[in-house]
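Taking it in order: structure first as structure tokens, then the write-up.
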Amino acid sequence: MPELPEVETVLRGIQPHIEQQCIKNVVVRQYTLRWPIPRDLKQKLLGNVIIQVERRAKYLLLKTHTGTLILHLGMSGKLRIIEQHTKQQKHDHFDIEFDNQKTLRFNDPRRFGACLWVEENPLLHPLLKKLGPEPLHKDFSGKYLWQRAQNRKAPIKTFIINSQIVAGVGNIYAAEALFLAGIHPDTPAAILSLQQYNQLAKQIKSVLRQAIKRGGTTLKDFLNSNGEPGYFENQLKVYGRAGLPCKHCHSILKTMRIGQRASVFCEQCQQL
DNA sequence: AATCGCGCCTGACGGC
DNA sequence: TGCCGTCAGGCGCGAT
């Protein structure tokens, strides 16, 4: 499930193949993703050049002179760079073909992903305009989190996967950062100290940087733009390890549902 | 304003 | 073998 490090990995993989390249064809096979792919996508993209590829939260922004293609991988989306005329597989929903003979192909079994076209500033799009700060940016800090947490009754786990608080942190890295910070995931956000938030912000940054360095986490189905897995999963301390011994204290890791999501934690290392 | 729960969707897996 | 229920989950949305 792609979170910020996986999306960043995809960005770095596709960027050198598509930046400054002209789009010579677009093939859409499945228009119904999370939101419909615009019917006139081909018309909008044809002859256009991708001038820059950026990431905001888990969104990829492919900028052209006339507008921006906003892509989201949802739960199971994959973007691959392939040679043209590579045989299509199940759930290959659209292709963008370039003059350099490369094709950007989007595959998404669960179809929670998105492909949108905007002609105005993409950061002002309703999906992006309310996003909180990028966690790796310097304006994301313990003090910021602590200030936003005042009067919040939601569990800290729910608080940090809220994209309006901080962008791009999902279930995997929230669980990991809370473990590393020694904070129980069910703690009400408002009762944590500034000191704890400083530690949490530090660990969020650290775990995201480490994961990017290793090309992301492959648990079920994440593959980068070359079709290769990420190598962060063996670094995971708690996510996906319920029932196994804690790597730190060896007590058995527990799981609970917080905000409809499985949350793995260590009762010894993360006390309420 | 904050929070809750639903729905979208497919594949994997366990039980019978 | 096959069928059915459950789970996984990012994230917007409507209801409270």
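Labels below follow one simple rule: chain letters A, B, ... track the order of the sequence lines, proteins then strands, and each chain is numbered from 1.
The separation between A/Arg111 atom CZ and B/dG7 atom P is 18 Å, rounded to whole Å. Atom CG in A/Asn171 sits about 9 Å away from atom P in C/dA8, given to the nearest Å. The distance from atom NZ of A/Lys157 to atom C1' of C/dG9 is 10 Å, rounded to the nearest whole Å. Following rounding to the nearest Å, A/Phe159 (CZ) and C/dC11 (C1') show an atom-to-atom distance of 18 Å. What separates CZ of A/Arg148 from C1' of B/dT3 is a distance of 15 Å, to the nearest Å. Distance CG (A/Leu73) to C1' (C/dG9): 14 Å, rounded to an integer number of Å. Rounded to whole Å, the distance from NZ on A/Lys129 to P on C/dG12 is 12 Å. Following rounding to the nearest Å, A/Asn162 (CG) and B/dC4 (P) show an atom-to-atom distance of 12 Å.
The cationic group of A/Arg39 lies under 6.0 Å from the six-membered ring centre of A/Tyr31 and within 45° of the ring axis, placing it in a cation-pi geometry.
If you check C/dC11, B/dG11, C/dG12 against the side chain of A/His72, the one that comes closest is C/dC11. Of the candidates B/dT3, C/dG9, C/dG12, B/dT3 carries the atom nearest the A/Lys153 side chain, counting heavy atoms from C-beta on. Side chain of A/Arg152, nearest nucleotide from C/dG10, B/dT10, B/dA2: B/dA2.
The aromatic ring of A/Phe112 does not sit over the base of C/dC11; the criterion of centres under 5.5 Å apart with planes under 30° is not met.
A sub-4.0 Å separation between OP1 or OP2 of B/dG11 and a side-chain N or O of A/Lys90 is present. OP1 and OP2 of C/dG12 both lie 4.0 Å or more from every side-chain N or O belonging to A/Lys130. For the OP1/OP2 pair of C/dA8 and a distance below 4.0 Å, the side-chain nitrogens and oxygens of A/Tyr239 include no atom meeting the criterion. Within the structure, a side-chain polar atom (N or O) of A/Arg257 is placed less than 4.0 Å from OP1 or OP2 of C/dA8. Residue A/Arg261 places at least one side-chain N or O under 4.0 Å from the OP1 or OP2 atom of C/dG10. A close approach under 4.0 Å does occur between a side-chain nitrogen or oxygen of A/His91 and OP1 or OP2 of B/dG11.
In terms of modelled atom types and a separation under 3.5 Å, the side chain of A/Arg257 and the main chain of A/Gly259 share no donor-acceptor contact. A donor-acceptor pair under 3.5 Å is formed between the side chain of A/Asn100 and the backbone N or O of A/His17.
Residue-level contact check: A/Ile161 touches neither bases nor backbone, having no heavy atom under 4.0 Å from any strand.
In terms of position along DNA chain C, the nucleotide closest to A/Ala262 lies nearer the 5' end than the nucleotide closest to the other residue of the pair A/Ala262 and A/Leu127.
In the interface, the side chain of A/Arg34 is not paired with the base of B/dC9 through any donor and acceptor atom under 3.5 Å apart.
Neither side chain, A/Asn107 nor A/Lys90, offers a donor N or O lying under 3.5 Å from an acceptor on the other. Side chain to side chain, A/Asp186 and A/His184 fail the donor-acceptor criterion of an N or O pair below 3.5 Å.
Annotation for A/Glu19 and A/Val53: closest pair OE2-N, 2.9 Å, computed over non-hydrogen atoms.
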